[in-house]
Amino acid sequence: MEFLESDVSLIAITFLTFLGARKLQTLTGLVILNPVLITIAVLILFLKLTGISYETYSQSGHMVEFWLRPAIVALGVPLYTQLRTIRQQLMPILISEFAGCVAGIVSVVAIAKALGASKEIIISLAPKSVTAPIAIDISSQLGGIPSLTAAIVVCVGLTGAILGLKVLSYGHVVNPFAKSISMGTAAHVIGTSRMAEFGEQYGAFATLGIIINGILTAILAGPIMQMMGIC
Amino acid sequence: MVKQCSIIFACLAAGEFIAWIFKIPIPGSIIGMLLLTTLLQNKVVNIESVKGISQFLVSNMGFFFVPPGVAIMLYFDIISAQWFPIVTATLLSIAIVLIVTGWVHQFVNSRKFKFRFKH
């Protein structure tokens with residue numbers, strides 16, 4: 001079994017699992033078979049079955065995880081290409097993003113607190129609508145459990161992508177651009193790819209929701225939770 | 001490739017440095033992202049010189065967060081003890097974010113800013 005524990009093997013297994021999971025989704029076309037979720041599940045199963053500890057895995061895992069932070073910086077490029085759209089409708093975008101961001105943090109924190117969740121769980125939930133790399137950074141900075149945040153973020157994205165449009169029509173949100181920005185704000189990348197199915201302009205608009213909500217949540221999550229007496 | 005990586009990592013390092021020196025409680029990576037946007041906007045950095053790597057990084061983000069996701073196996077006990085608040089708070093909050101964002105965007109748009117909006 002020892003050869004399985006080497007850096008190279010574990011990285012290879014991570015890549016291959018993801019490749020397989022992505023193929024599975026392409027073949028089935030099911031949103032629920034999200035490659036990230038499937039890969040995480042398969043890898044956990046693999047580690048449990050082989051008895052390899054998470055600590056061993058994480059030494060190789062760090063080499064992959066390392067690229068998350070440069071990837072956040074790289075989001076500066078789509079943000080730049082969207083600047084014109086942002087300026088054209090600065091107020092609708094900023095006001096709705098601000099409202100959505102605050103509503104998201106306050107609601108998840110208040111409900112979790114009322115139902116008796118512990119402090120670290122509440123902190124881990126706070127950035128749940130933000131894209132995973134940003135959410136992980138926020139969670140670890142505020143004292144949450146980054147990996148719990150990562151898992152919840154994926155589940156939030158899937159739920160949003162599957163049920164989001166139904167919820168929006170219940171809420172009488174009919175404008176396609178309003179729908180797009182909501183889906184990006186609530187369900188980050190996975191919600192965005194759902195909107196992109198309707199046309200590139202909707203995907204691009206949803207991307208704005210991801211980025212701006214990411215920035216706002218990074219700025220507001222700490223102060224909001226302080227006000228609510230969490231941290 | 002070297003130039004592209006230089007720009008991205010320089011922005012990240014500068015973002016970390018700014019967050020650390022001014023004690024800003026915002027991830028350095030976010031400051032780095034805003035820094036990159038500013039540099040592109042002011043034409044200090046040409047978009048062509050970061051396009052390749054940023055496309056690569058952004059489109060593979062999902063893969064990069066597999067390892068932190070796997071770490072959830074360490075917290076199965078905490079989660080199973082508190083699954084009810086986690087699931088309830090998350091589901092309700094998703095619906096709230098969707099409706100609040102969409103409704104506010106629609107509302108603001110329909111009032112004052114209609115003329116700026118192209119369908």
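In what follows, chains carry the letters A, B, and so on, assigned in the order in which the sequence lines appear, proteins first and then strands, with residues in each chain numbered from 1. Fair warning: this is a prediction, and the values are worked out from it, not measured in the lab.
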Problem set entry | Under 4.5 Å from a heavy atom of chain A, the part of B/Ile99 involved | both
Exercise. Does any heavy atom of chain A fall under 4.5 Å from the side chain of B/Phe63, the backbone, both, or neither of them?
Worked result: both
For this session: Determine whether B/Val58 and A/Val77 make a side-chain contact, defined as any pair of heavy atoms from C-beta on separated by less than 4.5 Å.
Result: no
Exercise. Taking C-beta and beyond as the side chain, do B/Pro27 and A/Ile138 meet within less than 4.5 Å on heavy atoms?
Worked result: yes
For this session: Go through the steps for A/Lys128 and B/Val97 under the test side-chain contact (heavy atoms from CB on, under 4.5 Å), then give the verdict.
Result: CA-CA 11 Å; A/Lys128 62 147 188 17; B/Val97 175; 4.0 Å; yes
Exercise. Is there a side-chain contact between A/Phe205 and B/His105, using heavy atoms and a 4.5 Å cut-off?
Worked result: yes
Problem set entry | Main-chain N/O of A/Ser118 paired with B/Gln82 side-chain donor or acceptor, under 3.5 Å | yes
Seminar exercise, completed: Honestly, the part of B/Ile7 sitting under 4.5 Å from a heavy atom of chain A is neither
For this session: I would like to know whether B/Ile47 and A/Thr81 meet side-chain contact (heavy atoms from CB on, under 4.5 Å); could you show each step before the answer?
Result: CA-CA 9 Å; B/Ile47 187 151; A/Thr81 52; 3.7 Å; yes
Problem set entry | Proximity breakdown for B/Leu35 and chain A, heavy-atom pairs closer than 4.5 Å | neither
Exercise. Do the non-hydrogen side-chain atoms of A/His172 and B/Gln106 ever get within less than 4.5 Å of each other?
Worked result: no
Problem set entry | Nearest atoms (heavy-atom pairs only) where B/Ile94 meets A/Gly160 | CG2-CA, 4.4 Å
For this session: Could you tell me whether a side-chain N or O of B/Thr37 sits under 3.5 Å from a main-chain N or O of A/Tyr80, the two making a donor and an acceptor?
Result: no
Seminar exercise, completed: Bottom line for B/Leu36: the part with an atom under 4.5 Å from chain A's heavy atoms is side chain
Problem set entry | Under 4.5 Å from a heavy atom of chain A, the part of B/Leu74 involved | side chain
Exercise. Would you say B/Pro67 and A/Tyr57 make side-chain contact, with heavy atoms under 4.5 Å?
Worked result: yes
Problem set entry | Side-chain donor/acceptor of A/Ser182 to backbone N/O of B/Gly102, under 3.5 Å | yes
For this session: Measure the shortest side-chain to side-chain distance between A/Ile44 and B/Phe76 over non-hydrogen atoms and say whether it is less than 4.5 angstrom.
Result: yes
Exercise. Tell me, side chain or backbone of B/Glu16 under 4.5 Å from chain A's heavy atoms, or both, or neither?
Worked result: side chain
